[in-house]
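Below: one structure, written as structure tokens.
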Number of protein chains: 4
Amino acid sequence: MTKKIRFAIIGAGRIGYVHAGSVSENPSAELVYVVDPFKESADKVISAFGGKYSSDPEAVINSGEVDAVIIGSPTPTHVPLLTTAIKAGVHALCEKPIDLDIKNVDALRATANSAKTNVTIGFNQRQDPHFKEVKSRVAKGEVGQVEQVVITSRDPGPAPQAYIAISGGIFRDMTIHDFDLARYFVPNIVEVSATGTNSFCDYIKEENDFDNICVVLKGANNEIVTILNSRHSAYGYDQRLEVFGDKGMLTVGNLKNTVVEYSSKDVSSAAEPLMNFFLERYAAAYRNELALFIQGISEGKVLGSTFDDGRAALILADAAHESARTGKSVKVNLN
Amino acid sequence: MTKKIRFAIIGAGRIGYVHAGSVSENPSAELVYVVDPFKESADKVISAFGGKYSSDPEAVINSGEVDAVIIGSPTPTHVPLLTTAIKAGVHALCEKPIDLDIKNVDALRATANSAKTNVTIGFNQRQDPHFKEVKSRVAKGEVGQVEQVVITSRDPGPAPQAYIAISGGIFRDMTIHDFDLARYFVPNIVEVSATGTNSFCDYIKEENDFDNICVVLKGANNEIVTILNSRHSAYGYDQRLEVFGDKGMLTVGNLKNTVVEYSSKDVSSAAEPLMNFFLERYAAAYRNELALFIQGISEGKVLGSTFDDGRAALILADAAHESARTGKSVKVNLN
Amino acid sequence: MTKKIRFAIIGAGRIGYVHAGSVSENPSAELVYVVDPFKESADKVISAFGGKYSSDPEAVINSGEVDAVIIGSPTPTHVPLLTTAIKAGVHALCEKPIDLDIKNVDALRATANSAKTNVTIGFNQRQDPHFKEVKSRVAKGEVGQVEQVVITSRDPGPAPQAYIAISGGIFRDMTIHDFDLARYFVPNIVEVSATGTNSFCDYIKEENDFDNICVVLKGANNEIVTILNSRHSAYGYDQRLEVFGDKGMLTVGNLKNTVVEYSSKDVSSAAEPLMNFFLERYAAAYRNELALFIQGISEGKVLGSTFDDGRAALILADAAHESARTGKSVKVNLN
Amino acid sequence: MTKKIRFAIIGAGRIGYVHAGSVSENPSAELVYVVDPFKESADKVISAFGGKYSSDPEAVINSGEVDAVIIGSPTPTHVPLLTTAIKAGVHALCEKPIDLDIKNVDALRATANSAKTNVTIGFNQRQDPHFKEVKSRVAKGEVGQVEQVVITSRDPGPAPQAYIAISGGIFRDMTIHDFDLARYFVPNIVEVSATGTNSFCDYIKEENDFDNICVVLKGANNEIVTILNSRHSAYGYDQRLEVFGDKGMLTVGNLKNTVVEYSSKDVSSAAEPLMNFFLERYAAAYRNELALFIQGISEGKVLGSTFDDGRAALILADAAHESARTGKSVKVNLN
């Protein structure tokens, strides 16, 4: 029997909890450490899925007790921890964004790309079964040449002001997932144009950020990608995809917990409100992401999103940030 | 230019009104007479669509002023008026049922079938664009051999007690449309089994009639047809069809006035309640029915439902009436 | 920490495999034995989920090494094994049907109902999240008084002739699930009327069985339940439910692996074919069923389908079998 | 009885044919003249709906024989004919765009807005029953404050090169309808940002025009409107609307000729391809547009799109044209 890969979870928040669950379920993985400055948070994860507690991620990475880390701690820790992990020969699955400053990302780039270990960036949506099915059917030619991609992503409600303040802005914090999903279908983006407004949330405006945005990307093969975001959605977590080509269109609609529909004097064929948020909507994607990370370790290559995918998403986010403030489209080079 | 066919509408109720509208819109038809014992009812039709008033249908049929009649007066008048029209050489489109007593129908059968004029029975659902499309695609082989047909028909609310009392019972009054629709896909029915209950309406029970029923028909080629009726439906007029064969399934869902859908904290993708009743749902079918009647007159044959279709529906209704009361399936011969 | 419940899986076929998977995933359960006369079948289960092999179910039940058994062996073994388990003080989750002969069921009835152990019958559909949601919303009054229930269940393809030959006929083998689902919404059925045909499968006809059927049940409160079955379905495993009442309707449509839809020159908004069969469609239901069985053991009561539920389904199947052959509805008493 | 309004149809192309049909059906209207330089085109309209032929629109307008004109002739004729009609005291329903040059529009503006006759611009989509229903429900507050509007409009196939050459470009020719629909929900647009590509059609590129575009509009109340266009669509005429606000979302999906759905081994619940093009999709809208024009004449005011609505759409089109070529958003003032 294959030796299990020994994992540390760094950061015991919501995402860390989800990853710990995936590790505990995966027959090739073993949860060894849960790391968080707040012992209480770590203990919740440990009591559900096991593992030892530590408050020191560097020590755990260098302990020789772990083969892989999942980095779900705050963004400013990502680059230092990735650096430590690469040096220590420890595989790393790092949550997005790599960093809020492209300079820090670029500084790590050569190291990350020449690492002997597996460095994967946590863009889970590429592992969503629905989006993967579209990708597979696009590859089979069902829509022909891709001409337009439309991504709708609306969160159920805004993050708290304290989070917004350090988030790097909606493009780097929220749209960044959609930038990666856009590149799943149109890898080579050459131009970014963004529009942002303040429609409903005073504290987002105070932080000089937007609560509703639309980004339009141009691809190298004349594709147009449109991304629509809102920081709130009355009917739940709205996640849709449309890929339009010269032979047809493939779409992914929203998921609900059940397929029950209701008809009465007021409505007909009414579905229930959407799944609440990403943990529910992308539960399978998170599991697949971990499985692919593990498979990548055994195959010696990155099967999920690469470091350069993470870098590309940040470049697009930076460009959108600039475009929304200047009213000018921004040319980008993702190479 | 072709001479217009001169019509009399006999019976100025809801159905008469609809037919008068179709006549007035049809470029090959002309509304000459509106006949009803109640002048007030006739005047409503006349003021909307024109025509002269008469209270005497026999006189109008024999006046030489009309080429065709649409008989939408009460059921007991159907056989006498059809008889008069056939003798007078006047074409007749007669609402269902031909009569509540199969003996009266059989007495007229030879005359009707050898008539030189066009005798059409008003089963409009065969002219519904949606059902016709299914028929056409079944004929192309899209479902292969038909094995099951499921017809759901639920009225928005029960007719008044006075109507129920003289209706001949739910099978002869309401299901009769579904019997004809069943025969659109499975013409040769050989056995009938019916179940009826009294679920909600006291006065229907008082009239010794049912308010909810299910009828199962067996076809000569081993098809099973299931008909579900209710005398009420909270969400509007529920009209659905499913045709299942060895290669696939074709369905017709419900129609709404618009395709608008709503999502909120309580529902997602909620359509509006269904179209209220048959005048709205089958508006196109009524127009097509008249057009086909007129085309049939010019081609010298019945293109819609024939007298024998009307007779077959009544035989099935009688069998269902008996089966629901005896608990025994009833063999039928529609020839 | 609570001691884990030690399970034996009896019968290592498809169903046994699924149950073994559920046991291995459930944190309160432990897979101790896999029992099957064919070691090869058992070994597949063991290599996937662990456990020891035995060919002797009686010995395993009496070994003192197991707290609970899941009986998924052929139907004739159900009553003997249930008897053994009850005597041995071992909890039992037994697949449907309890037996093909109601006399054998009745002979065990008093013993089963007075058992100190948990005796649960494996009607998993009551544990399906979609059907449970309908049940819960019916209980809240969303459809008002239930008047009609429509259950559609079509298998992707017919079982082999050898299986059909010993299946007890379509009503006892296939419809039996739908009888139990019917009773989930209308527990007290008083009359059964059934129609069967031979539409497509010669060997089913040779076995004097039907390949397409429709059953109509009458409830004690004037409900009508209609069940439609086919032994094949070109578009996959067709599983639908409709509950209609005086205030509205709740439906469960079919599930697909993804929500992807396709539009091209030939179709619009086309979903993929349905999930292939029960293992996929009811995966969650099987897991829930085991969880509920375990919860029932700890609470000292049957939370899933009871022995009497299993008996009721067989009585309904027997009545349908008779009705389809005599053309007469059959009154039943489920008490 | 009211005197019928006497109409001349100017321009006997597809649009002229449709309007002539609406006039002939409308009980308050009478088709007197059909005007076109090509007698053959006019004769097709005349033989279907009646009227006299003329090749001289100015003469017809000044003949005293018509009360109203519908101007469906080529764009360069719109301003001169509107001018003539206003002077002659003849009501005018003029197809979009008013002109390709905003200077010509502005030159007519004061005259048009002070005209004693009814000057209506033919943006029929505001009269579509589906879009109107959304408008009405937005007005009732069902989505709360409007934050995002998404309009998808894809033609089945590109117009011929000769048409493209004189069309004024995709924004002025095709998107112009969407600009008006955008303003139905967000009247006051303040900024325009557009992206265009050449994805599939060489001759559109030769004409220095785009075949796929995305326009983002910012509203004065921080609304974001996104418009997606393509000059082709494999699955038919794609026309969708989404209005998103803080309380919910209303959408209009595509219409098909029937609601028939098909399931087979390859697909499930597949609808037929979409209605082919605008004449089918917006048939009701065209009828309503004429009815509203007539009602407006009798009420002495413009009930459909005003001259200034037509001007606003052109300003937005000009801004999009500029933005797509400069990569800069363009501020606009619609007053």
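So you know, we letter chains A, B, ... as the sequences are listed, proteins then strands, and number each from 1. A quick note: this is a predicted structure, and the numbers were derived from the prediction, not measured.
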* Structure fact -> Interatomic distance, CD1@C:Ile176 vs CD1@C:Ile121, rounded to 0.5 Å, equals 10.0 Å

* Asked: Could you state the interatomic distance from CD1 (C:Ile189) to CZ (C:Phe179), rounded to the nearest 0.5 Å?
  -> 9.5 Å

Where is the tightest heavy-atom contact between [X] and [Y], given as atom of each residue plus distance?
| X | Y | answer |
| --- | --- | --- |
| C:Ala12 | C:Val45 | CB-CG2, 3.9 Å |
| C:Gly219 | C:Val186 | CA-CG1, 3.9 Å |
| D:Gly196 | D:Ile213 | CA-CG2, 3.9 Å |
| C:Gly248 | C:Val143 | O-CB, 3.4 Å |

Table up the donor-acceptor pairs between chain D and chain C that sit under 3.5 Å, atom names plus distance.
residue	atom	partner	partner atom	Å
D:Ser268	N	C:Ala271	O	2.8
D:Ser268	O	C:Ala271	N	2.9
D:Ser268	OG	C:Glu272	O	2.5
D:Ala271	N	C:Ser268	O	2.9
D:Ala271	O	C:Ser268	N	2.8
D:Glu272	O	C:Ser268	OG	2.5

* Asked: If you count heavy-atom pairs under 4.5 Å between each of D:Pro156, D:Gly253, D:Ala270 and chain C, which one has the most?
  -> D:Ala270

